[in-house]
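Just so you know, residue 1 is the first one in the sequence shown, and it goes up from there. What you see is a predicted model, and the numbers here were worked out from it, not measured in a lab.
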Amino acid sequence: MMVPALLSTALLLLLLPGTLTQNDEPVPIDVVVKNSLLGTAPLTFSTHVVKKGILLGALKRLMDANANFKFTYTEDPNYGPYLVSVNGLAGNDKDHTYWELLVRTPEGEKRPDIGIGCYIPSANEQIILNFAKW
């Protein structure tokens with residue numbers, strides 16, 4: 001049977017050293033925390049994501065390294081992780097507020113059609129976590 005052979009090969013790949021860490025080259029990004037409702041000055045934090053790594057990993061790394069940056073997220077079974085709060089400020093259905101994910105590149109600012117669990121930042125991007133109303 002080919003199924004056991006395929007499973008054995010997959011297990012071997014998982015056990016080989018460096019299989020998942022071969023692309024751990026750091027990709028520098030900035031995370032900007034912005035409150036468009038209050039108009040306060042944005043806070044900018046520098047961190048990195050591993051090459052081809054997801055934004056959620058960079059946010060966790062930033063939170064572990066910097067006491068001035070905290071965030072919470074929840075896991076939606078259909079859409080994956082999404083931001084709930086940043087630095088103690090949470091979105092609120094009653095007030096129609098939420099944390100919007102924006103990305104600023106040399107080409108301009110965009111709203112990705114994926115969230116923090118799927119977005120793969122490129123080098124020197126500014127990831128903007130914007131508190132806004134819907």
Side-chain angles (χ1 to χ4, degrees):
M1 297 203 114
M2 287 187 58
V3 173
L6 288 174
L7 289 175
S8 296
T9 302
L11 181 58
L12 179 63
L13 286 174
L14 287 175
L15 296 176
L16 287 174
T19 302
L20 295 177
T21 59
Q22 63 188 352
N23 289 329
D24 59 0
E25 173 185 325
V27 175
I29 61 169
D30 285 334
V31 175
V32 178
V33 178
K34 180 180 173 185
N35 186 331
S36 63
L37 301 181
L38 293 181
T40 55
L43 301 172
T44 301
F45 304 91
S46 294
T47 189
H48 71 278
V49 63
V50 297
K51 187 175 182 181
K52 297 186 180 181
I54 59 172
L55 177 58
L56 181 58
L59 295 176
K60 288 180 178 182
R61 182 175 296 106
L62 176 57
M63 185 167 66
D64 289 345
N66 191 319
N68 295 317
F69 178 80
K70 301 285 183 221
F71 80 104
T72 61
Y73 67 97
T74 190
E75 187 82 27
D76 182 277
N78 297 306
Y79 302 107
Y82 67 92
L83 282 173
V84 172
S85 72
V86 177
N87 290 342
L89 180 60
N92 181 314
D93 286 343
K94 180 181 162 214
D95 296 333
H96 299 268
T97 56
Y98 74 111
W99 282 98
E100 173 183 35
L101 174 62
L102 301 170
V103 177
R104 185 176 296 133
T105 66
E107 291 79 37
E109 199 170 276
K110 65 180 179 177
R111 179 181 294 122
D113 59 356
I114 53 180
I116 61 173
C118 295
Y119 187 74
I120 298 173
S122 297
N124 304 310
E125 282 185 340
Q126 278 193 330
I127 306 300
I128 303 167
L129 308 179
N130 183 43
F131 193 68
K133 279 191 170 258
W134 78 75

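Grouping the Ile, Leu, Val, Met, Phe, Trp and Tyr side chains by contacts below 4.5 angstrom, directly or via other members, places Leu43 with Val86. Using a 4.5 Å cut-off between side-chain heavy atoms of Ile, Leu, Val, Met, Phe, Trp and Tyr, with links allowed through other members, Leu37 and Val33 fall into the same hydrophobic cluster.
In this structure, Phe69 CZ and Asp64 CG are separated by 11.0 Å, a value rounded to the nearest 0.5 Å. Remark: Leu56 CG to Tyr73 OH distance equals 5.0 Å, nearest 0.5 Å. Atom CG of Asn35 sits about 6.0 Å away from atom CG of Leu89, to the nearest 0.5 Å.
Inter-residue side-chain proximity for Thr47 and Asn66 is flagged as unmet; no heavy-atom pair is nearer than 4.5 Å. Between Leu101 and Tyr82, every side-chain heavy-atom pair lies at or beyond the 4.5 Å cut-off. With a 4.5 Å cut-off on side-chain heavy atoms, Leu38 and Phe131 do not count as touching. With contacts defined as side-chain heavy-atom distances shorter than 4.5 Å, the pair Asp30/Ile127 does not qualify. The closest side-chain heavy-atom distance from Ile120 to Leu55 is not below 4.5 Å. When side chains are defined from C-beta on, Leu59 does not count as touching Phe45, because their heavy atoms never get closer than 4.5 Å. No side-chain heavy atom of Ile116 sits under 4.5 Å from any side-chain heavy atom of Lys60. At a threshold of 4.5 Å between non-hydrogen side-chain atoms, the residues Asn124 and Pro28 count as touching.
Using cut-offs of 30° and 60° on the angle between ring planes, the pair His96 and Trp134 is perpendicular.
Remark: the backbone N or O of Asp95 is paired with a side-chain donor or acceptor of Lys133 at under 3.5 angstrom.
A pairwise comparison of heavy atoms in Val32 and Pro42 identifies CG1-CB, 3.7 Å as the closest pair. Residues Lys70 and Ala67 come closest through the heavy atom pair CE-O, 4.0 Å. Taking each heavy atom of Gly53 and Pro121 in turn, the nearest pair found is O-CD, 3.4 Å. Contact record, Ile29 with Ala58: CD1-CB, 3.8 Å, taken as the closest heavy-atom pair. Considering every non-hydrogen atom in both Arg104 and Gln126, the closest pair reads NH1-OE1, 2.5 Å. Taking each heavy atom of Ser122 and Val27 in turn, the nearest pair found is C-CG1, 3.7 Å.
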Passes side chain to side chain contact (heavy atoms under 4.5 Å, CB included), Leu129 versus Phe71? Steps please. CA-CA 10 Å; Leu129 308 179; Phe71 80 104; 5.8 Å; no
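Here the rule is side chain to side chain contact (heavy atoms under 4.5 Å, CB included) with Glu100, and of Leu83, Ile128, Asn130 only Asn130 fits it.
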